[in-house]
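Notes follow the structure.
Heavy atoms only: backbone and side chains are in, while hydrogens, waters and symmetry mates are out.
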Amino acid sequence: MAQWAQMKQLIPYLPTQALNELYPNSFPMDVRCYLANWIEEQRWEDFDLEKVEQEPQALSLLDQITSYLLSLAQQNPNVVERMRLQHISRSMSMMRSQPLKLVLTVRDVLRKERDLLSRTSAQIPPHFPPSPAQDPISVGPSTRDVDLLVLKVLEIQNCRQQIHQLQEELNWERQNYESIQGTLQQASTNGMDTGISEVTKLQNNIKQHEYNGQVIAKKRVQLLQDAVSSLESCQSRLISRIKAWRWEQHQATIGHPFDDNLSPMQTWCEQLLGVNGKLRQEVMLAGEPIPELQDRLGLLLQTLIQSSLVVDKQPPQVIKTQSKFSTTVRYLLGEKVAPGKPVLLKAQIITEAQARNLGQLGSVPSENVGELINNTAILEHNTSSKSTCATFRNMSIKKIKRADRKGSESVTEEKFALYFTTEISITGCDIPYRIQMISVPVVVIVHGSQDNNALATIIWDCAFSEPDRIPFVVPERVPWKQMCMTLNSKFMSEVGTQRCLDNYNQHFLAQKIFDKPDIAGDYSNMLVSWAQFSKEVLPGRPFTFWQWFDGVIELTKKHLKSYWSDGLIFGFIGKQHLHLILKDRPNGTFLLRFSDSEIGGITIAYVAPSENGGQKIQNIQPSTKRDLEIRSLGDRIRDIDFITHVYPDLPKNDVFRKYYTGCDPSPWEPVENKPCKSLQ
């Protein structure tokens with residue numbers, strides 16, 4: 001199914017019309033997906049519409065398609081999908097009068113796919129760096145994978161039934177043989193020589209039944225081994241997908257895209273648990289014990305049960321002591337929890353060192369480093385959403401025990417996590433299982449003034465940690481191009497805009513953090529340290545790079561979002577570059593730039609006449625959040641008569657009219673309001 005695997009990557013980028021043309025109603029994409037492996041194994045190229053003698057072979061293929069679809073429909077727990085599969089099967093059955101037409105349609109679809117793949121390569125847009133979710137192993141098992149597993153189980157059950165039927169027939173043949181033997185002995189005594197051929201026939205039948213039973217029993221064992229291997233493969237992909245989901249959830253803090261829907265993974269967990277139960281039953285019903293398969297299935301069961309606990313809604317990653325917060329833990333096998341005693345989850349706060357030991361040793365943290373209020377919750381099932389969750393409401397950290405700090409480390413660099421544990425019993429399992437999960441890293445603060453520095457710790461952790469790291473290890477230095485992508489995605493997500501930081505903005509940010517004011521230079525591979533990002537104050541300023549950048553985000557989010565999205569704010573630009581682009585512009589030309597001298601300010605740089613008859617570049621006192629709460633940026637621009645045109649040459653009253661209080665919006669279109677291109 002290599003061809004379909006490639007097509008799945010390409011399909012999201014194809015327009016709807018192209019997909020409709022590629023997969024006609026007579027051979028819908030659903031069939032291509034569900035039966036991908038089988039379809040690619042058949043010899044469709046051998047068929048020709050003119051060869052009428054091929055109709056029986058074509059009809060056989062059509063019957064197999066409809067049969068497979070019906071089998072998949074019967075095993076599908078999703079009612080909507082089941083009905084759709086049944087409908088497709090019925091529709092395709094109507095092609096029985098023209099089977100050759102159908103097989104040629106399939107042949108043509110496969111040809112078109114190959115042609116598309118040869119001309120197009122599906123590339124993931126480079127806006128964000130690759131994540132584990134883009135690795136094929138972490139996309140999780142498909143519905144088709146699980147359906148094939150179910151079909152394997154059905155085949156194993158069918159073999160067991162065949163063996164049982166053969167055994168009954170064998171018992172009957174043996175009984176007849178013994179009966180006829182007695183009759184023959186009596187006939188021999190009387191000198192009669194009849195029935196020899198019937199005895200020989202019975203003997204042959206008995207031997208054939210014994211042989212057939214051995215063949216089917218051997219086949220059944222092989223099928224069991226294959227099914228367990230397939231289950232291991234499916235479950236491995238499922239657990240990789242759950243890990244990838246957690247990683248994407250972690251990355252969402254810095255603005256990366258994240259789909260929080262857990263329903264597909266819950267369905268896969270439930271289906272694989274069901275398959276595991278059926279296979280364990282089939283192994284038990286085998287003629288002889290198969291310890292190896294029993295052990296493998298037992299380990300798979302334990303791993304699945306213990307891997308199905310996820311933190312659905314993470315706690316805030318910066319938590320102030322004595323402040324209330326909430327978090328939700330979800331169990332993906334909730335519908336399979338044995339009825340009876342309620343399942344109680346307990347939360348405790350753990351240090352980075354305890355999280356590290358937990359990951360390596362699986363031990364339970366013994367030392368209590370913080371006092372959590374309202375740290376227990378009952379696992380409850382919601383029938384409407386079909387989810388089973390424990391919601392910790394009104395939690396708070398009453399007090400926290402700090403670790404010994406090294407050198408210049410501050411309390412805002414210390415990372416903790418919430419640790420959730422419970423014991424759970426699953427229907428059909430003999431023993432209860434202890435399950436556990438930790439949250440993303442959190443920083444605990446005692447005062448609001450620590451919030452900004454604590455957030456810097458979280459940003460660095462989210463942006464630059466590795467998916468399978470030892471908790472909570474991060475690099476001390478990262479390439480500027482990685483830092484730049486992080487700043488861009490954080491800015492866009494926090495402001496809520498599609499307009500990105502352009503190359504001019506990125507270049508100035510690099511100059512700022514590296515203290516290199518020269519206009520020329522490529523900073524992509526220069527390394528930025530954690531200290532440069534968040535600990536060292538900028539030259540000549542009383543604040544760090546992150547404090548300054550975060551101030552710009554807050555100002556833009558609260559007061560300048562529309563101006564930024566409409567392309568009216570130039571943004572981050574150094575004074576050298578500013579003079580370079582404004583020096584030949586007429587007097588009154590201006591642009592809006594973020595202040596680099598104070599936190600959270602926007603200033604107007606404009607061309608003014610100099611005393612000697614020439615020109616000079618002037619900067620108006622920056623407007624801060626407090627200033628803009630009193631009077632908006634648009635009204636402030638209207639008030640200043642000596643600024644007339646927005647760089648490069650747009651009349652300010654045309655451009656800013658919609659932002660003037662009491663004025664009708666103008667028909668002016670934004671100069672820049674389109675999705676961000678990839679960062680270089």
Notebook entry, point to check: Counting heavy atoms not belonging to Q618, are there more than 12 under 6.0 Å from its CD?
Noted result: yes
Margin query: With a 6.0 Å cut-off (strictly less than), is the heavy-atom count around CZ of F258, excluding the residue itself, greater than 12?
Written below: yes
Check: Which residues satisfy the salt bridge (charged side-chain N to carboxylate O under 4.0 Å, His left out) test with K625, sequence neighbours excluded?
Finding: none
Should the ring pair [X] and [Y] be called parallel, tilted or perpendicular, given that the plane angle runs from 0 to 90° and is split at 30 and 60?
X	Y	result
F514	Y523	parallel
F572	F594	tilted
W546	F549	tilted
W480	F545	perpendicular

Is a side-chain N or O of [X] found less than 3.5 angstrom from the main chain of [Y], in a donor-acceptor match?
X	Y	answer
T327	K313	yes
R636	D627	yes
S439	L418	yes
N375	A347	yes
S489	I254	yes
T589	R585	no
E414	S410	no
N488	C500	no
D566	L568	no
N453	T412	no

Checklist line | Test log, rule ring-ring contact (aromatic ring centres under 6.0 Å, His included), inputs F392 and F325 | finding: CA-CA 8 Å; F392 295 80; F325 64 92; 9.5 Å; no
Next item on the list: Take Y563 and Y659 through the test ring-ring contact (aromatic ring centres under 6.0 Å, His included) and record every step on the way to the result.
Entry: CA-CA 9 Å; Y563 298 91; Y659 296 104; 4.1 Å; yes
Next item on the list: Determine, step by step, whether I445 and I319 satisfy the side-chain contact (heavy atoms from CB on, under 4.5 Å) criterion, reporting the C-alpha distance in whole Å, the side-chain angles of both residues, the deciding distance to 0.1 Å, and the verdict.
Entry: CA-CA 6 Å; I445 61 175; I319 303 175; over 6 Å; no
Interatomic distance, [X] atom [atom1] to [Y] atom [atom2] [nearest 0.5 angstrom]:
X	Y	atom1	atom2	value
F590	I617	CZ	CD1	13.5 Å
I470	E352	CD1	CD	10.5 Å
K561	I569	NZ	CD1	13.0 Å
I573	L591	CD1	CG	6.0 Å
S623	I602	OG	CD1	8.0 Å
F508	Q511	CZ	CD	7.0 Å

Less than 4.5 Å apart, any side-chain heavy atom of [X] and any of [Y]?
X	Y	result
Q436	L358	yes
D502	Q506	no
M395	L372	yes
K398	T321	no
V442	V318	no
S465	W247	yes
M265	L238	yes
I643	Y606	yes

Check: Residues two or more places apart in sequence or in another chain: which of them pass side chain to side chain contact (heavy atoms under 4.5 Å, CB included) with N587?
Finding: V607, P609, Q615
Note to self: Holding to side chain to side chain contact (heavy atoms under 4.5 Å, CB included), I want the full list of residues that pass it with R393, two or more places apart in sequence or in another chain.
What the structure shows: T391
Margin query: Run the side-chain contact (heavy atoms from CB on, under 4.5 Å) test on V474 and K415 for me, step by step, so that the C-alpha distance in whole Å, both residues' side-chain angles and the decisive distance to 0.1 Å come before the verdict.
Written below: CA-CA 11 Å; V474 288; K415 288 177 274 192; 3.9 Å; yes
Output yes when [X] and [Y] qualify as a salt bridge under the 4.0 Å nitrogen-oxygen rule, no when they do not.
X	Y	value
K558	E494	no
E629	R626	no
K320	D451	no

Item checked: Result of checking Q317, Q314, K490 against T253 for side-chain hydrogen bond (donor to acceptor under 3.5 Å, both in side chains) -> Q317
Next item on the list: Apply the side-chain hydrogen bond (donor to acceptor under 3.5 Å, both in side chains) test between R593 and each candidate in N505, N619, T603; give the one that qualifies.
Entry: N619
Next item on the list: Evaluate the side-chain contact (heavy atoms from CB on, under 4.5 Å) criterion for residues L332 and R330: first the C-alpha distance (whole Å), next the side-chain angles of each, then the deciding distance (0.1 Å), finally the verdict.
Entry: CA-CA 6 Å; L332 300 179; R330 179 168 174 175; 4.1 Å; yes
Item checked: Verdict with supporting geometry, N452 and D550, side-chain hydrogen bond (donor to acceptor under 3.5 Å, both in side chains) -> CA-CA 8 Å; N452 182 274; D550 188 47; 2.8 Å; yes
Next item on the list: Mind running salt bridge (Lys or Arg N to Asp or Glu O under 4.0 Å) on K481 and D522 for me, showing each step along the way?
Entry: CA-CA 10 Å; K481 57 187 174 185; D522 180 11; over 6 Å; no
Checklist line | Residues T544 and S534: side-chain donor-acceptor under 3.5 angstrom | finding: no
Notebook entry, point to check: How far apart are the C-alpha atoms of E371 and K401, what are their side-chain angles, what is the distance that settles it, and do they pass the salt bridge (Lys or Arg N to Asp or Glu O under 4.0 Å) test?
Noted result: CA-CA 9 Å; E371 185 178 344; K401 181 181 178 182; over 6 Å; no
Margin query: I want to check a possible cation-pi pair here: R541 against W548, using under 6.0 Å from ring centre and within 45° of the ring axis as the test.
Written below: no
Next item on the list: Check step by step if side-chain hydrogen bond (donor to acceptor under 3.5 Å, both in side chains) holds for W530 and E413.
Entry: CA-CA 11 Å; W530 160 246; E413 295 176 74; 2.9 Å; yes
Note to self: One pair to check against side-chain hydrogen bond (donor to acceptor under 3.5 Å, both in side chains): T661 and D635. What are the steps and the verdict?
What the structure shows: CA-CA 7 Å; T661 303; D635 287 339; 2.4 Å; yes
Notebook entry, point to check: Yes or no on side-chain contact (heavy atoms from CB on, under 4.5 Å) for D259 and Q249, after CA distance, side-chain angles and deciding distance?
Noted result: CA-CA 8 Å; D259 180 3; Q249 183 190 50; over 6 Å; no
